[in-house]
Amino acid sequence: MFFFINEEERKKSKSTCYFEFQKGKYHGKCWENGSVSIRDSLWDEYELSDLFEKAVPDFDYFGVTEISPEQWENILKICEKEKPKGACVIDDVREWVEECFKEFGCFAICGM
């Protein structure tokens, strides 16, 4: 992955300025093993909030948002049709998301 790092790498950064993609439903805590994270500056640079808000109306920048396969499909459709700036970021995490859906049926985004 280019835009995302695993939990070990995030810990080494000694920063919490990341959006965490957590496998399955939110477990009541952040920074789970198996999660991948993207730095908040990249999130903002690639306008990912705009993309997620379009596809997932209840997306919460500061909270937790669970993403279903249907919502993910909406994100992919927007990327395909509109070619937003963040499409390359979505492509980067796509394999992780698809594996996550097979095992857990959803994933959670823990915001800032």
Side-chain angles (χ1 to χ4, degrees):
M1 287 187 183
F2 182 77
F3 294 101
F4 289 83
I5 60 174
N6 64 32
E7 181 51 19
E8 186 177 314
E9 293 168 311
R10 199 240 8 119
K11 281 181 190 173
K12 285 179 185 175
S13 79
K14 299 187 187 311
S15 176
T16 58
C17 294
Y18 289 89
F19 284 80
E20 177 187 11
F21 283 40
Q22 215 175 71
K23 292 180 176 182
K25 294 186 177 284
Y26 179 64
H27 303 114
K29 66 178 194 159
C30 295
W31 316 125
E32 295 281 317
N33 288 331
S35 292
V36 294
S37 298
I38 181 170
R39 186 167 281 286
D40 65 335
S41 57
L42 287 172
W43 182 276
D44 293 339
E45 179 183 341
Y46 285 88
E47 302 169 358
L48 292 171
S49 288
D50 294 341
L51 175 58
F52 276 87
E53 287 169 358
K54 226 179 238 188
V56 184
D58 62 343
F59 174 76
D60 187 350
Y61 185 93
F62 297 102
V64 175
T65 307
E66 290 181 1
I67 306 294
S68 69
E70 294 79 20
Q71 291 167 320
W72 182 250
E73 285 302 316
N74 287 342
I75 292 165
L76 295 178
K77 286 177 189 173
I78 291 167
C79 287
E80 187 178 306
K81 285 182 180 179
E82 299 176 24
K83 308 282 190 236
K85 191 173 184 179
C88 58
V89 177
I90 297 303
D91 195 47
D92 189 46
V93 77
R94 193 174 186 161
E95 186 176 320
W96 181 92
V97 167
E98 290 170 1
E99 288 300 314
C100 192
F101 285 149
K102 286 177 189 174
E103 189 173 348
F104 299 97
C106 71
F107 70 95
I109 300 174
C110 302
M112 298 306 298

Check: Could you go step by step and tell me if S13 and Y18 meet the side chain to side chain contact (heavy atoms under 4.5 Å, CB included) rule?
Finding: CA-CA 10 Å; S13 79; Y18 289 89; 3.4 Å; yes
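- In the hydrophobic clustering of ILVMFWY residues, with side-chain heavy atoms under 4.5 Å counting as a link, Y26 and F59 come out apart.
- The two residues P84 and I78 have their closest heavy-atom pair at CD-O, 3.7 Å.
- By the ring pair (Phe, Tyr, Trp, His ring centres under 6.0 Å) test, F21 is found to be paired with F4, F107, residues two or more places apart in sequence or in another chain being considered.
- Sorted by first and then second residue, the salt bridge (charged side-chain N to carboxylate O under 4.0 Å, His left out) pairs involving residues 71-88 (not counting sequence neighbours) are K54-E82.
- Judged as a salt bridge (charged side-chain N to carboxylate O under 4.0 Å, His left out), the pairs with a partner in residues 23-44 (not counting sequence neighbours) are, in order, K25-E66, K29-E32.
- With sequence neighbours left out, E70 forms a side-chain hydrogen bond (donor to acceptor under 3.5 Å, both in side chains) with S68.
- Under the side-chain hydrogen bond (donor to acceptor under 3.5 Å, both in side chains) criterion, T65 pairs with no residue at all, not counting sequence neighbours.
- Side chains of I38 and Y46 form no contact here, defined as non-hydrogen atoms less than 4.5 Å apart.
- Taking every heavy atom of both residues into account, A87 and C79 meet most closely at CA-SG, 3.8 Å.
- For the pair D92 and M1, the tightest heavy-atom approach, listed with the atom from each and the gap, is OD1-CA, 3.3 Å.
- The side-chain heavy atoms of V89 and L42, taken from C-beta on, include no pair separated by under 4.5 Å.
- The shortest side-chain heavy-atom distance between D91 and F3 does not fall under the 4.5 Å cut-off.
- Residues V93 and F52 share a hydrophobic cluster, clusters being chains of Ile/Leu/Val/Met/Phe/Trp/Tyr side chains in contact below 4.5 Å.
- Nearest heavy-atom pair across S37 and W31 is OG-CZ3, 3.8 Å.
- Looking at every heavy atom in both residues, Q71 comes nearest to V56 through NE2-CG1, 3.5 Å.
- M112 and I5 fall into different hydrophobic clusters, where Ile, Leu, Val, Met, Phe, Trp and Tyr residues are linked whenever their side-chain heavy atoms come under 4.5 Å apart, directly or through other members.
- Here salt bridge (charged side-chain N to carboxylate O under 4.0 Å, His left out) pairs that include residues 8-19, with residues two or more places apart or in two chains, are E7-R10, E8-K12.
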Next item on the list: In sequence, state the C-alpha distance, the side-chain angles, and the governing distance for R94 and E98, and then conclude on salt bridge (charged side-chain N to carboxylate O under 4.0 Å, His left out).
Entry: CA-CA 6 Å; R94 193 174 186 161; E98 290 170 1; 3.3 Å; yes
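- In this structure, Y61 has its ring center under 6.0 Å from that of F19.
- Placement of I75 and F101 within a single hydrophobic cluster is found when ILVMFWY residues are connected by side-chain heavy-atom separations under 4.5 Å, directly or transitively.
- We find the CD-SG distance between Q22 and C30 to be 6.0 Å, quoted to the nearest 0.5 Å.
- Under the 4.5 Å side-chain contact rule for hydrophobic residues, V36 and L76 share a cluster.
- Here the CG atom belonging to L48 is positioned 5.5 Å from the CD1 atom belonging to I90, to the nearest 0.5 angstrom.
- Of all heavy-atom pairs spanning W96 and G34, the tightest one is NE1-O, 3.2 Å.
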